[in-house]
K.L.:
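The structure that follows is given in the form of structure tokens.
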Amino acid sequence: MSAKKNKELKSNNFIIAISAVVLGLIAGAILILIIGENPFASFRYLVRGALMSVRRTGTTLAITTTLMLVGLSIAFAFKTGLFNIGASGQILAGGLAATTVAFAVDIPHVPLIFLILLTGFIAGAIWGLIPGLLKAFFNVHEVVSTIMMNWIAYWVVFYFVPAFLKGPSLETESAGLPFEKTLRVSWLTELFDGSNYINVGLIVAIIAVIVIKFIMDKTTLGFELKAVGYNRYGAEYAGIRVNRSVVLSMMIAGGLAGLAGVAYYCGYSGKIQIGILPTQGFDGIAVALLGASSPVGVVFSSFFFGILQAGKGFMSGNTLVPPEIADTIIAVIIYFTATSVMFKNFWDKRFKKINEKRNIVQKDSNSIEEDN
Amino acid sequence: MDYSIEMLHIRKEFPGIVANDDISLQVKKGEIHAILGENGAGKSTLMSILFGLYNADKGEIKINGKKVEINNPNDATAHKIGMVHQHFQLIDTYTVTENIILGKEGSFILNKKDASQKIKDLSDKYGLNIDPDSIIEDITVGMQQRVEILKMLYVDADILIFDEPTAVLTPQEIDDLLDIMKGLKKEGKSIILITHKLNEIKAVADRCTVIRRGKMIDVVDVASTTQSQMASLMVGRPVNFKVDKSEAHPGESILEIKNLNVLNAKKILGVKDFSLTVRAGEIVGIAGVDGNGQSELIEAVTGLRKIESGQVLISSKDITHVPIRERNEAGLGHVPEDRQKRGLVLEYNLKDNFVIKDYYHSPFSKNGILQQPVMKEYGQKIIDTFDVRSGEGLDSLAGKLSGGNQQKAIVGREIIGNPKLLIVVQPTRGLDVGAIEFIHKQIVNHRDAGNAVLLISFELDEIFNLSDRIAVISDGKLMDVVNTSDTDERSVGLMMAGVSSKGDK
């Protein structure tokens, strides 16, 4: 009886993620010490840079938004047995399509927001559809095809933007979207003390997390997609249409990354640059890994990485620590999340000892009860 | 008494299950000591403790009377304990010699010549008949196993553990292996043989420790104990080797296979102009040597493989080219040949696996939303009816179950839907007598409920025990269909070898 009440301690993804984060920070601290700075002061600047004012927090949340959607895309793909390394291309596809529509269509702000979100999702989904079809029908591995799709998106943007969306001055980026054509809304900007970056993408991202979590946990669709991800032969035997599932998974993953592109290009920056493959596509892999590929985990890990990204400039401005230290911390964390088996074993051993001690105590108390 | 190995009062717990509960094992020098137990009884756990893969929660290990600590396989090797695992640990593209010296190369410059000579000598001494220079992927499974044995001999192991060594071997190879074990014994090695095959124990073992559900039941002298005595010790009740079944009362045709042609993986015809009918209320067994088109035939009928020409009907509905789900809905149940690849999603828990074919329809889902309470109730029914044992019940991951319980879970899932046609492929491979008896009974019950059963097995015993009629397949062609009561193993064996029973063609 009491054994159930006193639930056994077990290592879980949360503890593993925290362990990776702590070790990442320690590694960062060591590097900062080598430079000759105080790690605690530096980390304080890092956090303050991200969160010290409402306005800065808004910026951090805007950075988080993109990471959350990309992280969700990659986490979803992982759960369904796919490695979506093409989020960068899907971000570009979604961002470019949404920007184009935003320039081309003259309708009121709110309907326009819905329209460009839909456009971005569809464009990203198409960018995911092609590798999905290639995998389902020709057995082309998605890592290869999505990387190729990245470069196709890169070059499409490279030629499309100067040709059709050229700004007044620079050759290398599109014209800026006017405020009433972006995802920025005045009440949100005011709420965050005039932050130029915060946009409704954040709300979209949170809704996306909830929707994806619901699909994965509660629906027959999620049941199918996960089954195919875990064991496609078993799924095929059970009568699940494996090819359809693979294509659908890639489309949903692509669509989510496409939304990230809308949030970034039509919300955060308000314009699209050429010659840049957005690094968020790869940062999203770290977000998904640290979040243990779970939608809720992605929320926290994207916020954490958002803080690092947003605060690193402030840290290097106030200390001699270069901003690359923040990237190093991210890299170390990825390293430790990737080797999470190590932590699992460590904590399992720890907890086993604690559990054993508890059992002894419990037995003693049980025998006392029996005596009574 | 001179014991080479003593494991005393071993206890090992896993979450939700006590795998070993106060088990003691004493192996004498130069004896073959069998450990007999059902799937999941705790045999492998006990051996993993001895080999240092797990640490015992309680108990001690003595080697030659001295207490030792074995924390990892290197410790075990240092104490001259060697183990042949069920799944061989060999690198396919390396030679025998390279595999054996792997990890014990010694100096930076490889001296393969000496090693090769030593392996040759060992091979000759124990009659293993292994060429040290052949590449692993070129030699048979039986020979690969002997390479594993050589690995142990190469490091002078005195205590040899064999974990279910015959599961992967042909009958001839099994005989060879048993001879080799006797030879090793003669040279003074102590052998621990983990198995649930009674005839093998009878053939080579001196003594046998019986384990049931994690507890030690008895240690018996093999020579003075009968197989059925050992079997009842193992399962805890008398065991029936013969299947009890009454006369079949076949009804209308359920499965009709007409002039079926199917390509195999090499894109040549694996099934050739095959026709067969299975009627309600009968079990038809397909006998044949592995690789004669059985897999292709079943995959074609169940929808996993494309049909070139011909027709398949279930209850008069043409299913030749319909998707798998439609076949299931037409009344097909299928216990697949490979339970881990096809039969289960190992990362899903039992509850999810039980509805893997039915999750999409009512009552398991409504408007695309899974109905967890219904799934739980349904899953619990299968667990209770088919005695599926696991650590955490419905929440246990399928991959954590023992092989026998995985099989029971699949058989349970397929039978509980009461399919008109049940196809069972190798339903009892690798299972112990208790589980075999249980699954056979379920199959017969299914027949008695008025359903058609198509059985594929490579074990003639099983075919003869269960089938009402036997269809013999050889080289993808149907040789003949005979009533089980009108034939014997010899004539079926001849047909399996491709010799027609009708005349001298």
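We name chains A, B, ... by the order of the sequence lines, and we start the count at 1 in each one.
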K.L.:
Hydrogens and angles aside, do B:Tyr360 and A:Glu224 bring a side-chain donor and acceptor to less than 3.5 Å of each other?
P.N.:
no
K.L.:
Between A:Phe223 and B:Tyr359, how do the two ring planes meet: parallel, tilted or perpendicular, split at 30° and 60°?
P.N.:
tilted
K.L.:
Chain A: which of B:Arg413, B:Glu326, B:Gln371, B:Gln372 shares the most heavy-atom pairs with it under 4.5 Å?
P.N.:
B:Arg413
K.L.:
Counting heavy-atom pairs under 4.5 Å to chain A, which of B:Asp358, B:Asp338, B:Asp352 comes out on top?
P.N.:
B:Asp352
K.L.:
Side chain, backbone, both or neither: which part of B:Leu344 has an atom under 4.5 Å from a heavy atom of chain A?
P.N.:
backbone
K.L.:
For residues A:Thr219 and B:Leu370, report the shortest heavy-atom separation together with the two atoms involved.
P.N.:
O-CD1, 3.7 Å
K.L.:
With a cut-off of 6.0 Å (strictly less than), are more than 12 heavy atoms of other residues, nucleotides or ligands near CD of B:Glu377?
P.N.:
no
K.L.:
Between B:Gln340 and A:Asn231, what is the shortest heavy-atom contact and its length?
P.N.:
O-ND2, 3.5 Å
K.L.:
Let me know if A:Ile215 has heavy atoms under 4.5 Å from chain B in its side chain, its backbone, both or neither.
P.N.:
neither
K.L.:
Which residue, B:Glu299, B:Lys341, B:Lys357, forms the side chain to side chain contact (heavy atoms under 4.5 Å, CB included) with A:Tyr237?
P.N.:
B:Lys357
K.L.:
Would one find more than 12 heavy atoms of other residues, nucleotides or ligands at under 6.0 Å from atom OH of B:Tyr54?
P.N.:
no
K.L.:
Under 4.5 Å heavy-atom distance to chain A, tell me which part of B:Glu13 shows up: side chain, backbone, both or neither.
P.N.:
neither
K.L.:
Answer whether the closest heavy-atom distance between the side chains of B:Ile324 and A:Arg241 falls below 4.5 Å.
P.N.:
no
